[in-house]
Amino acid sequence: MITSNFSIKGQIVFTLLFVAACIPANAQKSKKKSKAPNYQEVINEAHAKYKDVKEGANADYIEELAKVNPNIFGIVIVTPKGEVFTVGDFSEYVSIQSVSKVFTMAKVIEELGPEALLEKIGADATGLPFNSVEAVEHMKGKEINPLVNPGAIMSTSLIAGTDSAEKWNNVQATLNSFAARKLEINKPVYISEANDNVHNQALAVLLQSYGRMYWDPREITDVYTKQCSMNVSAKDLAIMAGTLANGGINPVSKEVVVSPSTVSHVLAVMSTAGLYDDSGIWFYNTGLPAKSGVGGGFIAVVPGKFGIAVVSPPLDKAGNSVKAQLVIEHVVNALGLNPYLIKPVGAKK
Ligand code: GLU
């Protein structure tokens, strides 16, 4: 009888366990499925909210940039699945400028490995302006990063190629792979900067004096200037950012552009040095890797979720697009995307 007692108890216990296991599952089923974030709605909202902002001014230290229509305002999100959400002037072109530095850095890490980038350039914020001679002088060309001019010119000098033309082809091919199309150079912007980039040449020569320039300094500054002059739209930039958000696979072309490990290092440098002297403030407010350029292009990456780009030429004093910052902060807050905004668990009752 002990046996049958046990089996009855056993059955009861089993039944209770079974019911207990089923309750949460049923409760789960009856819960409403959480709504997928409506990216289109949020960017429409941001566009409407900020379209009339008049703060900021086009960069004018490169003459041609001052002539760009300051009212261009486009926002695009590209997800890893290749969904594209657009609003405003998403197909208007501006020159890519410093945003290009992200992609040459990626190529260098991909080709030479993350250690080489640390050893040959560095990954530390300089705390100084983007074209600072002091930043080079202070550390004798060491401990720079690829998102300020000296580090970016070093980065371009490390791109594979047996001559400058081959390096330029490699840079172009890299940008094209990230953008999923063949980008074109903006000739007036290139000529305008090439005629007036003695300061960048000086940075490259100074680096050479410290043994930290890996190609002829003047030739490579010219390649770098061309790289900065490529025309891109907000859609191009969002596809490029979307490739980073997707661990290196282009969401549109499906091409494997760089490895996930390369992307992790790239995003880290964007997080610490993506917005010139305001990189800390940006990260403090959003927790997202981003990069701006003096042409008014701006990208941010929400890893695994999407790349976002905004094009709007008027810049603030630090050199970052005013509207782009407002828009992306709006999107981050509306969708709760700051990765450091943690939902706590386990509070005592
Ligand atoms: N081509 C520009 C320069 O070297 C890029 C600057 C930028 O966008 O920060 O001055």
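No hydrogens, no waters, no symmetry mates; every other heavy atom, side chains included, goes into these values. Ligands are counted one by one from 1 in listed order, and the atoms in each one are counted from 1 as well.
In Asn200, the part holding a heavy atom less than 4.0 Å from any atom of ligand 1 is the side chain. At a 4.0 Å heavy-atom cut-off, ligand 1 touches Ser98 through backbone and side chain alike. For Asn149, every heavy-atom contact with ligand 1 shorter than 4.0 Å involves the side chain, none the backbone.
At the top of the distance list for atom 2 (C) of ligand 1, counting protein heavy atoms only, stands Gln97 OE1, 3.2 Å.
Taking every non-hydrogen atom of Tyr224 and a distance limit under 4.0 Å, the qualifying atoms of ligand 1 come out as 1 (N), 2 (C), 3 (C), 4 (O), 5 (C). Proximity to Tyr61 (heavy-atom distance under 4.0 Å) selects the following atoms of ligand 1: 2 (C), 3 (C), 5 (C), 6 (C), 10 (O). The Gly293 neighbourhood of ligand 1 comprises atoms 8 (O), with distances under 4.0 Å to a heavy atom of that residue. Less than 4.0 angstrom separates some heavy atom of Tyr276 from each of these atoms of ligand 1: 7 (C), 8 (O), 9 (O). For ligand 1, the atoms lying closer than 4.0 Å to a non-hydrogen atom of Phe130 are 6 (C), 9 (O), 10 (O). Taking a cut-off of under 4.0 Å to the non-hydrogen atoms of Cys228, the atoms of ligand 1 that pass are 1 (N).
A continuous path of hydrophobic side-chain contacts links Ile75 to Phe298 [ILVMFWY only; heavy atoms under 4.5 Å]. Tyr210 is connected to Trp215 through a chain of hydrophobic side-chain contacts under 4.5 Å among Ile, Leu, Val, Met, Phe, Trp and Tyr, so both are in one cluster.
With Leu237 as reference, Val311 is the one residue of Val78, Ile308, Val311 to meet the side-chain contact (heavy atoms from CB on, under 4.5 Å) rule.
Within the 6.0 Å centre-distance limit, the rings of Tyr340 and Phe283 are counted as a close aromatic pair.
Annotation for Ser279 and Gly274: closest pair OG-N, 3.4 Å, computed over non-hydrogen atoms. Smallest separation of non-hydrogen atoms from Glu193 and Cys228: OE1-CB, 4.3 Å. Nearest approach of Pro289 to Met270, heavy atoms of both residues: CB-CB, 3.8 Å. In terms of heavy atoms, Pro146 sits closest to Lys101 at O-CB, 3.5 Å.
Annotation: Val294 places an N or O atom under 3.5 Å from an N or O atom of ligand 1; distance criterion only.
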